[in-house]
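Worksheet: the structure to be examined is printed underneath.
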Amino acid sequence: MRQFIAFIKKEFYHIFRDRRTMLILLGMPVVQIILFGFAITTEVKNVRLAVLDPSNDVATRKIIDRLDASEYFTVTARFHSPREMEAAFLKNEVDMAIVFSERFADDLYTGDARVQLIVDATDPNMSTSQVNYATGIVSMVGQEMIPPNMSAARLTPDIKLLYNPQMKSAYNFVPGVMGLILMLICAMMTSISIVREKETGTMEVLLVSPVKPLFIILAKAVPYFVLSFVNLITILLLSVFVLDVPVVGSLFWLITVSLLFIFVSLALGLLISSVTRTQVAAMLVSGLMLMMPTMLLSGMIFPIESMPVILQWISDILPARWYIQAVRKLMIEGVPVALVYKEIGILLLMAAVLITISIKKFKYRLE
């Protein structure tokens, strides 16, 4: 029994001495419960609401104030023409718009008042929730303003769904799956392939060869770049011809942005390979830093606007967040490339930073 207890103590000492193991054992549950507790939510929060109100009377102002006062909607813009509203949707500045008819207050008592809700339906589940919440508030306020003897004149908004009128879920998950697959193939597989050479001792043989170390690293990354491009074409073909998700925007710019994201992912995989020594460590780092945040914090499944501010900040440093956002704009919404310059610029900056850090931290001499 004493020998058994001695072996137990030995194992505890090994675990306590390994900081990475301690971080995984004690830190991973904390990170997971925070992410799953705050990121996974279907609640409607912080919906950016725009207003087109040619009437601007007491009744419309009361409805707008009630929407703005709720915890679900925030009035961020007021437009004077449908063209301004359309431009705001294309720039992804608003999530929903409410449009009132002229002489709204006068027509309210005759049953001729009209109100329309226009929503970005690229995410069908979230847009349905937004419409339901807004419809409930508008109907409730309208019922309060209509006299009891005119209960038949009920205020029910008309609904207009942008970009995805059929409410197909494929319109939402195809861009997210593209980002997840390309990230995992490029970053995770690249980091593991390089670490495998270190772990088996063959990296030393490669580094002493006549080929420069930088070209050795690039040679390890090129196959994954080609495979990722093949996967990209496969995903696009399946999306268009099997899932009926059209490429509304420019196919050239969609592929260009995807190639840029692949390069960013390869640079991230190279960075992981430079700070890890074993394949297991590379897998754990890739899983913690790439797979889970990409699925939960990139907007792939859950809306970023509904997350706490700290998780929104973390989302800003994820390359997949900006790639998925750009793919939705180009592929689903069909916007011109000028409205995707922000996402392209951020991905270019990330690529430059990651490749610079990766090359500087890569050890050309093995310990």
I need the minimum non-hydrogen distance between A326 and V257, along with the two atoms involved. CB-CG1, 4.1 Å
Dump the intermediate steps for side chain to side chain contact (heavy atoms under 4.5 Å, CB included) on L259 and F225, then the final yes or no. CA-CA 8 Å; L259 293 178; F225 185 91; 3.9 Å; yes
Does the T60 side chain pair with the main chain of S55, one donor and one acceptor, at a distance under 3.5 Å? no
Determine whether V58 and I137 fall in the same hydrophobic cluster, where Ile, Leu, Val, Met, Phe, Trp and Tyr are linked whenever their side-chain heavy atoms lie under 4.5 Å apart. no
More than 12 heavy atoms from other groups under 6.0 Å of CD on E86: no
Minimal non-hydrogen separation, I262 against F229, with atom names: CD1-N, 4.1 Å
Over all atoms of both residues, closest heavy-atom pair of Q312 and R321: O-NH1, 4.3 Å
With side chains defined as the heavy atoms from C-beta onward, is the minimum distance between I118 and L162 less than 4.5 Å? yes
State yes or no: do V222 and I233 share one hydrophobic cluster built from I, L, V, M, F, W and Y residues joined by side-chain heavy-atom distances below 4.5 Å, directly or via other members? no
With side chain to side chain contact (heavy atoms under 4.5 Å, CB included) as the test, would you mind laying out the steps for L254 and V327 before giving the verdict? CA-CA 7 Å; L254 177 61; V327 170; 4.0 Å; yes
Test of understanding: clusters of I, L, V, M, F, W, Y form through side-chain heavy atoms closer than 4.5 Å, transitively. Do V226 and V264 belong to the same one? no
Rounded to the nearest 0.5 Å, what separates atom CG in L318 from atom CG in L297? 6.0 Å
If the condition is ring pair (Phe, Tyr, Trp, His ring centres under 6.0 Å), which residues does F73 pass it with, not counting sequence neighbours? none
For L330 and V335, work out which heavy atoms get closest and say how close. CD2-O, 3.9 Å
Say whether, by atom type as modelled, one donor and one acceptor occur between the side chain of S228 and the main chain of L182 under 3.5 angstrom. no
Closer than 3.5 angstrom, by distance alone: can the side chain of S70 be matched with the main-chain N or O of L67 as a donor-acceptor pair? yes
ILVMFWY cluster, I317 and L268 together (side-chain gap under 4.5 Å): no
Quick one: pull up CG in L339 and CG in N92 and give me the separation to the nearest 0.5 Å. 10.0 Å
Straight-line distance of C186 SG to F261 CZ, nearest 0.5 Å: 7.5 Å
Distance from L260 atom CG to M350 atom CE, nearest 0.5 Å? 10.5 Å
Approximate separation, where rounding is to 0.5 Å, of W322 CH2 and D316 CG: 5.0 Å
Do you know the tightest heavy-atom contact between P157 and V138? CG-CG1, 3.8 Å
Would you indicate whether the side-chain heavy atoms of L238 and V174 approach each other to under 4.5 Å? no
Just by distance, do the side chain of S315 and the backbone of L311 share a donor-acceptor pair under 3.5 Å? no
When you measure from the side chain of D120 to the backbone N and O of D95, does any donor-acceptor pair fall under 3.5 Å? no
Parallel, tilted or perpendicular, judged at 30° and 60°: which one describes the rings of Y163 and F89? perpendicular
So I98 and I63, side chain to side chain contact (heavy atoms under 4.5 Å, CB included) or not? Walk me through it. CA-CA 10 Å; I98 183 168; I63 294 176; 4.2 Å; yes
Provide the closest heavy-atom pair for R61 versus N56 in the form atom of the first, atom of the second, distance. NH1-O, 2.9 Å
Evaluate the side-chain proximity of Y323 to P175: yes if any heavy-atom separation is below 4.5 Å, no if none is. no
Using only atom types and a distance under 3.5 Å, with no angle test, would you say the side chain of S101 pairs donor to acceptor with the backbone of R114? yes
Under 3.5 Å side-chain donor-acceptor pair for N132 and S129: no
To the nearest 0.5 Å, what is the distance between CE on M126 and CE on M96? 9.5 Å
Same hydrophobic cluster for V248 and I324, using side-chain heavy-atom links shorter than 4.5 Å among ILVMFWY? no
Check against side chain to side chain contact (heavy atoms under 4.5 Å, CB included), M331 and S239: CA-CA 11 Å; M331 186 175 181; S239 301; 3.9 Å; yes
Within the 4.5 Å heavy-atom criterion, are K342 and K329 side-chain neighbours or not? no
Check residues 74-85 and write down every donor-acceptor pair under 3.5 Å in which the side-chain atom is one partner and the other belongs to a residue at least two apart or another chain.
from	atom 1	to	atom 2	distance (Å)
S81	OG	E84	N	3.4
E84	OE1	H80	N	3.2

Looking at R328 and G176, would you say the former's side chain and the latter's main chain have a donor-acceptor pair under 3.5 Å? no
